[in-house]
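What follows is a set of notes on a single structure, which appears directly below.
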Amino acid sequence: MPPRRSGSRLRLPSSPNGGAAPGAAPPFLLRLGLTIAALCAIDALALALAFSLAADGLLVPAALLLVVTTAVNWIFVSARAYPVRWLAPGLLLTLLLVVYPLVYTVYLSFTNYSDGHLLTKEQVVAQMERQRFAAESAADYAWRVYRSPDGSFTLWLTDAVGKSFLASGEMGLQAIAADDPRLGPVDPEDGLPRTIGESAKLSRLEAVRHLSELQHLSITAGDDTIRITSLDSAARERQKYTYDPIRDLLTDNETGTAYRPVEGTFTAADGATLSPGFAAVVGPRNFGRAFTDPQIRGPFLGVFAWTFAFAGLSVLLVFTVGLGLALVLNERRLPLRGIFRSLIIVPYAIPGFISALVWVGLLNPFYGPINLGLESLFGFSPPWFSDGTLAKVAILLVNTWLGYPYMLLVSLGALQSIPDELYEAAKIDGASKRQQFRFITLPLLLVSVAPLLIGAFAFNFNNFAVIDLVTEGGPPTPGTATPAGQTDILISYTYRLAFAGGRGSDYAFSAAVSILIFFIIAAITAFNFRFTRSLERVSENV
Amino acid sequence: MSRIAPGLPTLTLGTKRARRLDVGLKVVIASVAAFYALFPVAWVVSAALSPSNSLVNQELIPRGATLANFLRLVNDPQHPFLLWLWNSVKVSGISAILIVSLTALAAYSFSRFRYRGRRTGLLFIMLVQLFPNTLALVALFLLLQQLGGITPWLGLDSHGGLILIYTGGALGFNTWLMKGYFDTVPRDLDESARVDGASALQAFWHVLLPLVRPILAVIGLLTFIGTYSDFLLARVMLKSTENYTLAVGMTLFIRGQYTKEWGVFAAAALVGALPIVLIFLVLQRQLVGGLTGGSVKG
């Protein structure tokens, strides 16, 4: 290992005012004041935010926010942490936008987070417990309401056969005897008493004003509850599900079936399930699904194979065209060499998304110039976007146009770095042009270009834009459980799994496929590093 | 040389003719390649200038060229093209400025200070940037959903959130690039400023930054090109037409009435490509030099 440059250097104290002259005192004080003021502002903001988060029940983010704020305070107060101050903003953003999403993706891939499993368990239980069913005792009532001076409500309920009841939170449901001493004088308008004990009857208009409170009124009558269901009717129903947190069981009160939460779904002993399910950790199931679920495996393996074929063929085509043109442009006697070079690299200067869309127009099977040309020359008009194989050809054609200028520039540079003496020596030894290319140009070129080829492979492996803009992954593969088109590559497949409407969103499976892509890319990168030994260069620079 | 002299005359005669043939062949290949490279561009220019808006019966040299398609583009109520262009320039511009500022600060720390955890920090950044943020698509989507609950201007369908994602994702790689360039500037320069009483911030601002302007410009412009051309993240995060960036908005042209909107689309393609073509012309020497330089060192 070479000696580190920094080791032998004069090192200055790196505290914030280490080199400050005596005259620099006022600006230093000013700066300190500003620092403290800024920190106070940040702390106040963070505290307020943390409280509002905690109030919403998001305790983990709130705690994280406080930890980060404490770290920021330490960094900006401690002299030892001075160098970290320069890193703080970038580091925070990297943690929030790279590290957190990375960890979150891994977590998601082990859950069942998808349509039908988006809520938390608490939310699902609350939703279930709100459901009612009509038991034999079920009945509908007309209601009027009485309000006591302390604000509690009593309902006067009349059932279908004209029998009247009193109901309130405290007393439950009681049949009314005509001689009940609590009943006040009768109002001739509706035949109901004006008062009941302390409570006074509310007009319908007044009742509307209290409607939101009234709707939350839940009156127990035996196993049933009585709830106000509309402006003039109340219903006696039974709660459909009851959740027992201790035994972790959800019981159906109508049938008596007990449901146990299994991997985010309430499941009965006979396998019946309730919907919606909730988000839960289900283990590595998503990774297995890609290879075992018969409805997913076929299309998934198709996508998997095409991803490698697409990336590999793209690199091959781009490199062949690029190198071929580099050999042509490297010819010193070529007339107008500079102009040819500028013209041929034009695609490099145009944003890829625009070129891709332009090519969709050029390849239009009915009116596009390419098909019109083929039609008039050969009487053949390929349906580029409705046939799987042709769609793949179209994508490769477009991608070659997008990518060859890069390889051309790279190869041109590498060609010019090969010393002329080698060719002269080869000529003297009687080597043909082809032999010179085979034994001098290609090996020397590959030494410097091979890492870039691997890089290009990794880039095309995730080249979402070209696929989605040219074919949108289509044409669709018939009869699949997941939305996999015939030209979809893994990255566009993850996109379609998570966001492509129609079929629903399977975030968890999408995250699992992302992790898979990551391992492939990581392997390629590791191979590339080893190949170029650039890791060693990196560690020297550190 | 004299040893092989007997064979020379025939050899040169043969090669001269072969060479002329060879050059001729290369001119043909170069012409075909230039046609391949330019044909789509020429076709789009022609479509944009054509008085017709349709892909049907388009001619390469339009009769009666007009700017009608550009006017249609600017006044198209369904496709607010100028708004999309502005959104793209705004999002890419702010991202580029943030990336350059944050990476310059971080690179200064890594390049000029020596402290515990520095090596770890550098390796951490190196490893972290191996995970491209497009792979964390779902997590980023849900992250913005959560952030949007707190501050809507960082949530889904906001430019703030998109800028945040672009900036966060580009920091790792560019910090390395920037640090490498900072390392080539002798430390003695800013250290002598420190000895003269400048604070680290002053040394950074007045001594180092003016010397590293080229890398600031290159990183700024390259990240601008990168974010301007991004399709996937913008597609996922932006929901409403008036918030679209150009890359997302332009796909609307090719849905449905594509063949009837071809002229307007071509005009949009020309105007939309313009900022990047201009940057490319400015950067051409660095881009080409950088590519080949890097490759030769390999």
Side-chain angles (χ1 to χ4, degrees), chain A residues 6 12 14 19-21 83 86-87 89-90 93-94 97-99 101-102 104-105 108 325 328 331 333-334 340 343-344 346-347 349-354 357-358 360-362 364 367 369 409-410 413-414 417 447-449 451-452 462 464-465 498-499 507 510-511 514 517-518 522 525 532 542, chain B residues 23 26 29-30 33-34 37-38 40-41 43-44 55-56 102 105-106 108-109 113-115 119 122 126 128 130-140 143 164-165 167-169 171 191 194-195 197 228-229 231-232 236 247 250 254 259 262 269 272-273 276-277 280 288 291-292 295-296 298:
Chain A
S6 55
L12 277 177
S14 53
W86 296 77
L87 295 177
L93 276 185
T94 306
L97 290 155
V98 183
V99 178
L102 170 60
Y104 198 32
T105 306
L108 278 173
L325 292 176
V328 168
E331 171 66 66
R333 285 176 301 264
L334 187 76
F340 270 127
L343 292 181
I344 291 174
V346 156
I350 301 172
F353 70 92
I354 289 181
L357 291 176
V358 166
V360 176
L362 296 182
N364 184 296
Y367 312 111
L409 291 171
V410 162
S417 77
V447 168
S448 52
V449 178
L452 300 176
N462 279 335
F464 173 81
F499 303 107
Y507 298 116
S510 172
S514 297
I517 303 177
F518 172 68
T525 313
T532 59
V542 170
Chain B
V23 171
K26 280 179 175 166
I29 295 176
L38 292 179
V41 180
W43 197 259
V44 165
L55 179 61
V56 185
L102 295 179
L105 287 175
Y108 185 72
S109 174
F113 298 113
R114 291 292 176 270
Y115 47 91
R119 270 182 77 101
L122 275 169
M126 178 93 220
V128 145
L130 288 182
F131 189 81
N133 55 7
T134 45
L135 288 186
L137 202 58
V138 172
L140 286 170
L143 173 67
L164 209 59
I165 291 179
T167 308
L171 290 177
E191 275 172 6
R194 297 291 298 277
V195 170
Y228 189 92
S229 312
F231 175 62
L232 179 54
V236 169
M250 288 211 17
I254 67 161
T259 49
W262 176 243
I276 304 302
V277 173
F280 185 79
V288 175
L291 284 177
T292 50
S295 72
V296 175

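Computation of the quantities below employed the complete heavy-atom set of this structure, encompassing side-chain atoms and omitting hydrogens, waters and symmetry-equivalent molecules. First the proteins, then the strands, lettered A, B, ... as listed; each starts at 1.
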Contact origin within L343(A) toward chain B - heavy atom pairs under 4.5 Å
both

So, the part of F340(A) with a heavy atom under 4.5 Å from chain B: the answer is side chain

Would you give the length of the straight line joining atom CG of N462(A) to atom OG1 of T134(B), rounded to the nearest 0.5 angstrom?
5.0 Å

Side chain, backbone, both or neither of L171(B) within contact of chain A (heavy atoms, under 4.5 Å)
side chain

To the nearest 0.5 Å, atom CG of L87(A) lies from atom CZ of F113(B) at 9.5 Å

With chain B as the partner, which of V328(A), V98(A), L93(A) has the greatest number of non-hydrogen pairs under 4.5 Å?
V328(A)

Is V277(B) in contact with chain A via its backbone, its side chain, both, or neither, using a 4.5 Å heavy-atom distance?
both

Does any N or O in the side chain of S109(B) come within less than 3.5 Å of the main-chain N or O of P83(A), such that one atom is a donor and the other an acceptor?
yes

Can you tell me which portion of A522(A) sits under 4.5 Å from chain B's heavy atoms? Options are side chain, backbone, both or neither.
neither

Nearest 0.5 Å please: distance from the NZ atom of K26(B) over to the CG atom of L334(A).
8.0 Å

Residue T167(B) versus chain A: region with a heavy atom under 4.5 Å:
side chain

Pairs of heavy atoms under 4.5 Å with chain A: top-ranked of A247(B), G168(B), A106(B), A34(B):
A247(B)

Should the pair Y228(B) and F353(A) be assigned to parallel (<30°), tilted (30 to 60°) or perpendicular (>60°) ring geometry?
tilted

Sequence-distant partners of P40(B), side-chain contact (heavy atoms from CB on, under 4.5 Å), two or more places apart:
V358(A), W359(A), L362(A), W401(A)

Considering all heavy atoms of both residues, which atom of I276(B) and which atom of A349(A) are nearest to each other, and what is their separation?
CG2-O, 3.6 Å

Determine the sole option in N133(B), L140(B), V138(B), I165(B) for which the side chain to side chain contact (heavy atoms under 4.5 Å, CB included) test with P101(A) is passed.
L140(B)

Most heavy-atom pairs under 4.5 angstrom with chain B, which of V346(A), I354(A), T94(A)?
I354(A)

How far apart are the C-alpha atoms of F499(A) and L137(B), what are their side-chain angles, what is the distance that settles it, and do they pass the side-chain contact (heavy atoms from CB on, under 4.5 Å) test?
CA-CA 10 Å; F499(A) 303 107; L137(B) 202 58; 3.8 Å; yes

Report the option among V41(B), I29(B), V236(B) that has the most heavy-atom pairs separated by less than 4.5 Å from atoms of chain A.
V236(B)

With sequence neighbours excluded, residues passing side-chain contact (heavy atoms from CB on, under 4.5 Å) with F131(B):
L102(A), F518(A), L135(B), A136(B)

